[in-house]
Amino acid sequence: MKYSILGILLFAVALTHAQVDSDQALENTQNDSALVETVTKEAPADTSIAEEVSAEPERTPEGYRIIRIIVEDTKQYKDSVTKVEKDRVEAQKPTIPFRFQVGLLASVGAKELFGKDKYAYYDRDRTSGNIEPVTLFYGYPLNIGLLATIPLTEATIAIKVGALYEFTYLIHNENFFLRTELSAQSPWFEENNRDPEHGNITQMRVSFPLLFALKGRTIPAMLDVGSKISIPIKDEYKSFDFIDEKSRTPVDVAFLFGGTFIINKYFSLIAHFEVQTQDVYEDEVFVGVSNIMLIGMHAGLVFTPF
């Protein structure tokens, strides 16, 4: 009888423990389901990368639940990937740095001297309502000298300074009259008293360009912007010396803009435009012409031996 009662008690205890374990397992299952449902409800409906949570999560033998996320290729996602890829490729490109250097510059160019036709003397057809500027001379200047590059940053900004000798032979484009003491500042008056001139001008100048150079980190080409100061040492027409007669400015100031292409460590190509808006010669030094200005360009090669 004693053993029967003991057996009944042990059976009751075992049954009680089994019921408790079953309740705890059911509670854990309900908590997991609630967690999955919460994650599903809180998932953003519209993001840059579309996400989709599976309706029936899988259970692994270890008891962990796996939520599968499906990524859809949206335009914003593709654009972001493309930008990252471009940035990565750009970062891998080698830097083309500026370096302090002094090179030998040689260039050839073309330029024109033109002015305002005060009396419409050079307007041959007389058909235009507005009198066009008259080109008196044109020529092909030669430049040779030194050009130094001084970096301000590693690869994007630098200063260029130089000292150049320039020789130009200006060819007359129009017959003209030089101003004289008897000149009435009218080409028609001069035409009735003497023959027009048709000679050429020889110019020699020492020039000092100052330029700012701007370029990209990986680009072997740069933009040059600056100015040039030139001191004339010879400016003659036949026996008439414009410098001695004080018929021209003592210093020429011109704007420069153009570019440079780096070929390699030793050679670079340059091309610059030149515009001098100040009067090169005094008004009426060529009778009937005022506001004489200069435009030109030159292209050449810079050799840097070091």
Side-chain angles (χ1 to χ4, degrees), residues 86-114 135 137-171 203-233 249 251-278 280 293-306:
K86 287 182 178 179
D87 293 342
R88 184 182 66 82
V89 172
E90 185 68 21
Q92 291 176 347
K93 292 182 179 179
T95 299
I96 301 177
F98 280 121
R99 61 189 180 94
F100 177 79
Q101 59 185 18
V102 179
L104 178 65
L105 167 64
S107 68
V108 64
K111 68 179 182 180
E112 290 186 357
L113 282 174
F114 64 96
T135 299
F137 298 90
Y138 65 92
Y140 306 97
L142 300 174
N143 293 273
I144 187 169
L146 299 176
L147 186 67
T149 302
I150 304 172
L152 298 182
T153 63
E154 179 186 6
T156 56
I157 305 175
I159 292 178
K160 294 182 179 181
V161 294
L164 307 174
Y165 168 77
E166 178 184 313
F167 173 82
T168 308
Y169 190 67
L170 291 171
I171 303 169
Q203 286 185 342
M204 296 181 187
R205 302 190 303 176
V206 177
S207 302
F208 303 95
L210 174 62
L211 299 163
F212 284 95
L214 308 172
K215 76 176 192 68
R217 181 183 66 85
T218 62
I219 301 175
M222 66 194 75
L223 174 67
D224 298 330
V225 180
S227 62
K228 180 175 73 171
I229 296 176
S230 301
I231 301 174
I233 56 179
T249 57
V251 177
D252 295 331
V253 179
F255 298 102
L256 294 178
F257 60 96
T260 301
F261 180 78
I262 303 172
I263 300 175
N264 54 38
K265 179 180 178 181
Y266 301 104
F267 292 98
S268 298
L269 289 175
I270 66 165
H272 292 151
F273 289 94
E274 176 182 353
V275 179
Q276 182 175 336
T277 58
Q278 72 173 126
V280 180
M293 297 183 292
L294 178 148
I295 58 171
M297 63 85 62
H298 59 86
L301 191 68
V302 179
F303 171 62
T304 308
F306 307 106

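As a basis for the values below, the full set of heavy atoms in this structure was taken, side chains included, without hydrogen atoms, waters or symmetry mates. Keep in mind that what you see is a predicted model, and the values were worked out from it rather than measured.
- Annotation for P151 and A158: closest pair CA-CB, 3.9 Å, computed over non-hydrogen atoms.
- Residues passing the ring pair (Phe, Tyr, Trp, His ring centres under 6.0 Å) test with Y165: none are found, sequence neighbours excluded.
- At a threshold of 4.5 Å between non-hydrogen side-chain atoms, the residues S268 and T304 do not count as touching.
- Applying the ring pair (Phe, Tyr, Trp, His ring centres under 6.0 Å) test to F167 and every residue at least two apart in sequence or in another chain returns nothing.
- Among residues two or more places apart in sequence or in another chain, the ring pair (Phe, Tyr, Trp, His ring centres under 6.0 Å) test is passed with F273 by F257.
- Applying the salt bridge (Lys or Arg N to Asp or Glu O under 4.0 Å) rule to pairs touching residues 258-276 yields R205-E274, K228-E274, sequence neighbours excluded.
- The two atoms that bring L301 and F267 nearest to each other are CD2-CD2, 3.8 Å, heavy atoms only.
- Residue I229 qualifies as open at atom CD1: its count of foreign heavy atoms under 6.0 Å is 12 or below.
- Listed by first and then second residue, the salt bridge (Lys or Arg N to Asp or Glu O under 4.0 Å) pairs that reach into residues 139-153 come to none, sequence neighbours excluded.
- Considering only residues two or more places apart in sequence or on other chains, L152 meets the side chain to side chain contact (heavy atoms under 4.5 Å, CB included) condition with I157, I159.
- Closest non-hydrogen pair, T249 versus Q278, comes out as CG2-NE2, 3.7 Å.
- Of all heavy-atom pairs spanning P305 and Y266, the tightest one is O-CE2, 3.8 Å.
- The neighbour count for E154 CD, taken as heavy atoms of other residues, nucleotides or ligands under 6.0 Å away, does not exceed 12.
- The list of side-chain hydrogen bond (donor to acceptor under 3.5 Å, both in side chains) pairs with a residue in residues 207-216, not counting sequence neighbours, reads S207-S230.
- One finds the CD1 atom of I96 at 6.5 Å from the CD1 atom of I262 (value rounded to the nearest 0.5 Å).
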Listed pairs under 3.5 Å, donor-acceptor, residues 137-145 side chains, sequence neighbours left out:
none

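- Across all non-hydrogen atoms, the minimal contact from A163 to P209 is N-CD, 4.3 Å.
- Rounding to the nearest 0.5 Å gives a distance of 9.0 Å between OG1 of T260 and CG of L269.
- For the atom pair CZ of F98 and CD1 of I150, the computed distance is 12.0 Å after rounding to the nearest 0.5 Å.
- Within the structure, salt bridge (Lys or Arg N to Asp or Glu O under 4.0 Å) contacts touching residues 101-114 (residues at least two apart or in different chains) are K111-E166.
- Remark: H298 engages no residue in a side chain to side chain donor-acceptor pair (under 3.5 Å) (not counting sequence neighbours).
- Scored by the side chain to side chain donor-acceptor pair (under 3.5 Å) test, S227 finds no partners at all (sequence neighbours excluded).
- L105 CG to F303 CZ: the interatomic distance, rounded to the nearest 0.5 Å, is 13.0 Å.
- Qualifying side chain to side chain donor-acceptor pair (under 3.5 Å) partners for T218, counting only residues two or more places apart in sequence or in other chains: E90.
- The shortest non-hydrogen separation linking T95 to R217 is OG1-NH1, 2.7 Å.
- Using a 4.5 Å heavy-atom cutoff, the side chains of Q101 and V302 are not in contact.
- Note: M297 CE to L256 CG = 12.0 Å, rounded to the nearest 0.5 Å.
- Atom CG of D224 is separated from atom CG of L211 by 5.5 Å, given to the nearest 0.5 angstrom.
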